[in-house]
Amino acid sequence: MVLGGSTPPASLLKSPREIDIMARGGAILHATLQAMAAAAVPGISTAELDAIGEAFLRSHPGAEPAFKGLYGFPAAACISVNEEVVHGIPSRKKILRDGDIVSIDVGVKFEGMFTDSAITVPVGAVDGPTQRLLDVTRRALDAGIAAAVPDNHVGDIGAAIQAVVEGEGFAVVRELVGHAVGYAPHEELQVPNHGKPKRGKRLAVGLTIAIEPMVNVGTARTKTLMDKWTVVTADGLRSAHFEHTIAVTPDGPRILTRPG
Ligand code: MG
Ligand code: MG
C-alpha cells in the first residue's frame with residue numbers, strides 16, 4: 001500500500017552529478033528519436049527504422065540501447081503503429097503508410113545511467129482528429145511534468161495528465177504507467193497517468209522519473225497480442241504515447257531527455 005505523504009526510498013534519489021550524466025545520455029536519446037522521426041516516411045519498415053535508430057545511438061561513444069535484451073525484448077526501440085499502444089516489436093513486414101502514426105520508445109544506457117523517452121509522429125499527412133490526439137497527448141505530458149515539483153506527490157502528476165486528456169474527450173491507459181529510472185531502466189516506483197492530487201509518494205529532490213501518458217481515442221482498455229509484447233487498444237482505435245525522463249530539482253522539473 002502506498003501511503004500518502006511517504007517519501008520514496010533514498011536509494012532512488014540521484015546526486016546532481018548523476019543527474020548530469022543522465023542529461024548527457026538523454027541528449028543522445030533525444031537526437032536518436034529526432035533521427036528516427038525524420039526517417040518515419042511512407043514505405044519504410046519498422047525494422048529499418050529500428051536499425052537507423054540503433055546505429056545512430058551507438059555512434060555516440062559510451063551510449064547503448066537499454067531495451068535490447070531487456071526482459072528478452074529483441075530490438076533497440078519499441079515501435080508501435082496506430083492502434084498499438086506500446087511495446088511493438090520492429091518488423092520487416094510492418095511497413096509505414098501515409099496517414100499512420102508511429103510511436104517510437106527508446107531507452108539509453110550512458111556511463112551506467114539510464115534514460116527513457118518516447119514520441120509519436122505522423123507518417124506523411126494525418127487527418128485532423130489524429131493530429132489532435134498527438135497534440136493532446138503531448139500537452140498531457142507537459143502538464144504532468146509541470147506537476148513534478150518538490151513536495152507535490154505522484155498523484156499530482158497523474159491528476160494533471162488525466163485532467164488534460166479527459167477534458168479533451170480522450171482516455172488514459174491505466175494498465176501501463178510511468179516509473180522511476182536512472183540506475184536501472186525501470187526502478188521500483190510507479191507513476192500512473194491518472195490519480196488524485198496529494199496522493200502517493202512525495203516527490204523528493206533527486207527523484208528521476210519517466211512520465212509517459214498513453215492516450216486512446218476510444219476505450220482506455222488494452223489487450224496484449226499473441227507475441228506477448230505488443231499492447232493494442234481493445235477497440236482498435238488509435239493511441240499516442242509521449243515520454244520524457246525528468247529530475248525533480250529545487251528549481252522544478254528538469255527534462256533530461258531534451259537538450260538544454
Ligand atoms: Mg519508454
Ligand atoms: Mg518508460
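If you read the sequence from its start, that first residue is 1, and numbering goes on from there.
Clustering ILVMFWY residues whenever any of their side-chain heavy atoms sit less than 4.5 angstrom apart, transitively, puts I145 in the very cluster that holds V164. Residues V81 and I89 do not share a hydrophobic cluster, defined by chaining ILVMFWY side chains whose heavy atoms lie under 4.5 Å apart. V123 and F242 fall within a single hydrophobic cluster, where Ile, Leu, Val, Met, Phe, Trp and Tyr side chains are chained together by heavy-atom contacts under 4.5 Å. No continuous path of ILVMFWY side-chain contacts below 4.5 Å connects M22 to F67, so the two sit in separate hydrophobic clusters.
Residues L189 and L207 are in side-chain contact: their nearest non-hydrogen atoms beyond the backbone lie under 4.5 Å apart. Taking the side chain as every heavy atom from C-beta outward, K223 and V232 approach each other to under 4.5 Å. In this structure the side chain of L133 reaches within 4.5 angstrom of the side chain of I101, judged on heavy atoms. Side-chain atoms of F110 and T115, non-hydrogen and from C-beta on, never get closer than 4.5 Å to each other. Counting heavy atoms from C-beta on, the side chains of V177 and V191 never come closer than 4.5 Å.
Summarising the local packing, CZ of R221 is surrounded by 12 or fewer heavy atoms from other residues, nucleotides or ligands at distances under 6.0 Å. More than 12 heavy atoms of other residues, nucleotides or ligands sit less than 6.0 Å from atom CZ of R58.
Distance check: M36 CE to I119 CD1 gives 8.5 Å after rounding to the nearest 0.5 Å. R174 CZ to H194 NE2: the interatomic distance, rounded to the nearest 0.5 Å, is 5.0 Å. Rounding to the nearest 0.5 angstrom, the gap separating the CG atom in L141 from the OG1 atom in T120 is 10.5 Å. Distance check: L57 CG to K68 NZ gives 11.0 Å after rounding to the nearest 0.5 Å. Atoms CD and CD1, from E243 and I209 in turn, are 11.0 Å apart once rounded to the nearest 0.5 Å. Summarising the geometry, atom CZ belonging to R202 is positioned 14.0 Å from atom CZ belonging to R199; distances are rounded to the nearest 0.5 Å.
Side-chain heavy-atom separations under 4.5 angstrom define the hydrophobic clusters, and V41 shares its cluster with no other residue. Summarising the hydrophobic clusters (Ile, Leu, Val, Met, Phe, Trp, Tyr; side-chain heavy atoms under 4.5 Å, direct or chained), the residues clustered with F56 are none. V149 belongs to no multi-residue hydrophobic cluster, having no ILVMFWY side-chain contact under 4.5 Å with any other such residue. Apart from V85 itself, the hydrophobic cluster it occupies contains V86, V173, L176, M214, V231, where clustering links Ile, Leu, Val, Met, Phe, Trp and Tyr at side-chain heavy-atom distances under 4.5 Å.
For N82, the side chain to side chain donor-acceptor pair (under 3.5 Å) partners at least two apart in sequence or on another chain are D100, R238. For F170, there are no ring-ring contact (aromatic ring centres under 6.0 Å, His included) partners, not counting sequence neighbours. Residues meeting the side chain to side chain donor-acceptor pair (under 3.5 Å) test with E83, sequence neighbours left out: none. The side chain to side chain donor-acceptor pair (under 3.5 Å) search around T222 returns E175, not counting sequence neighbours. Applying the side chain to side chain donor-acceptor pair (under 3.5 Å) test to D227 and every residue at least two apart in sequence or in another chain returns T230.
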N/O donor-acceptor pairs under 3.5 Å from side chains in residues 155-163, not counting sequence neighbours:
residue: D156; atom: OD1; partner: K198; partner atom: N; Å: 3.4
residue: D156; atom: OD2; partner: H153; partner atom: N; Å: 2.7
residue: D156; atom: OD2; partner: K198; partner atom: N; Å: 3.4
residue: Q162; atom: OE1; partner: G195; partner atom: N; Å: 3.1
residue: Q162; atom: NE2; partner: E166; partner atom: OE1; Å: 3.4
residue: Q162; atom: NE2; partner: E166; partner atom: OE2; Å: 3.2

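Although no hydrogens or angles enter the test, the distance criterion places no donor-acceptor pair under 3.5 Å between the side chain of N193 and the main chain of V172. In this structure, the side chain of T208 engages the main chain of V181 through a donor-acceptor pair within 3.5 Å. Checked by atom type and distance alone, the side chain of K14 pairs as donor or acceptor with a backbone atom of L12 at under 3.5 Å. A distance-only check finds a donor-acceptor pair linking the side chain of N152 to the backbone of A147 [under 3.5 Å]. Judged by distance alone, the side chain of T130 and the main-chain N or O of V126 form no donor-acceptor pair under 3.5 Å. A distance-only check finds a donor-acceptor pair linking the side chain of T233 to the backbone of L237 [under 3.5 Å]. Side-chain atoms of D151 never come within 3.5 Å of backbone atoms of L203 as a donor-acceptor pair (strictly under, hydrogens ignored). Between the side chain of E187 and the backbone N or O of Y183, at least one donor-acceptor pair lies under 3.5 Å. Between the side chain of E54 and the backbone N or O of A51 there is no donor-acceptor pair closer than 3.5 Å.
Of all heavy-atom pairs between A39 and I44, the closest is O-CD1, 3.3 Å. Of all heavy-atom pairs between S117 and L33, the closest is OG-CD1, 3.5 Å. Heavy atoms only, all atoms of each residue included: L134 and P122 are closest at CD1-CD, 3.9 Å. Here the closest heavy-atom approach between residue V154 and residue P192 is recorded as CG1-CD, 3.8 Å. Residues D235 and G218 approach most closely at OD2-CA, 3.4 Å, considering heavy atoms. Scanning all heavy atoms of the two residues, the minimum distance from A40 to L49 falls at N-CD1, 3.9 Å.
Using cut-offs of 30° and 60° on the angle between ring planes, the pair H87 and W229 is perpendicular.
We find that D20 and R254 are joined by a salt bridge, their nearest charged nitrogen and carboxylate oxygen being less than 4.0 Å apart.
For H179 and E212, the side-chain atoms include at least one donor-acceptor pair closer than 3.5 Å. There is a side-chain donor-acceptor pair under 3.5 Å between Q131 and D135.
Note on residues 111-122: pairs passing salt bridge (charged side-chain N to carboxylate O under 4.0 Å, His left out), not counting sequence neighbours, are R24-E111. For residues 26-47, the set of pairs meeting the side-chain hydrogen bond (donor to acceptor under 3.5 Å, both in side chains) definition, not counting sequence neighbours, comprises S45-E48.
Residue I79 is tested with D105, V102, V106, L96 for a side-chain contact (heavy atoms from CB on, under 4.5 Å); the sole match is V102.
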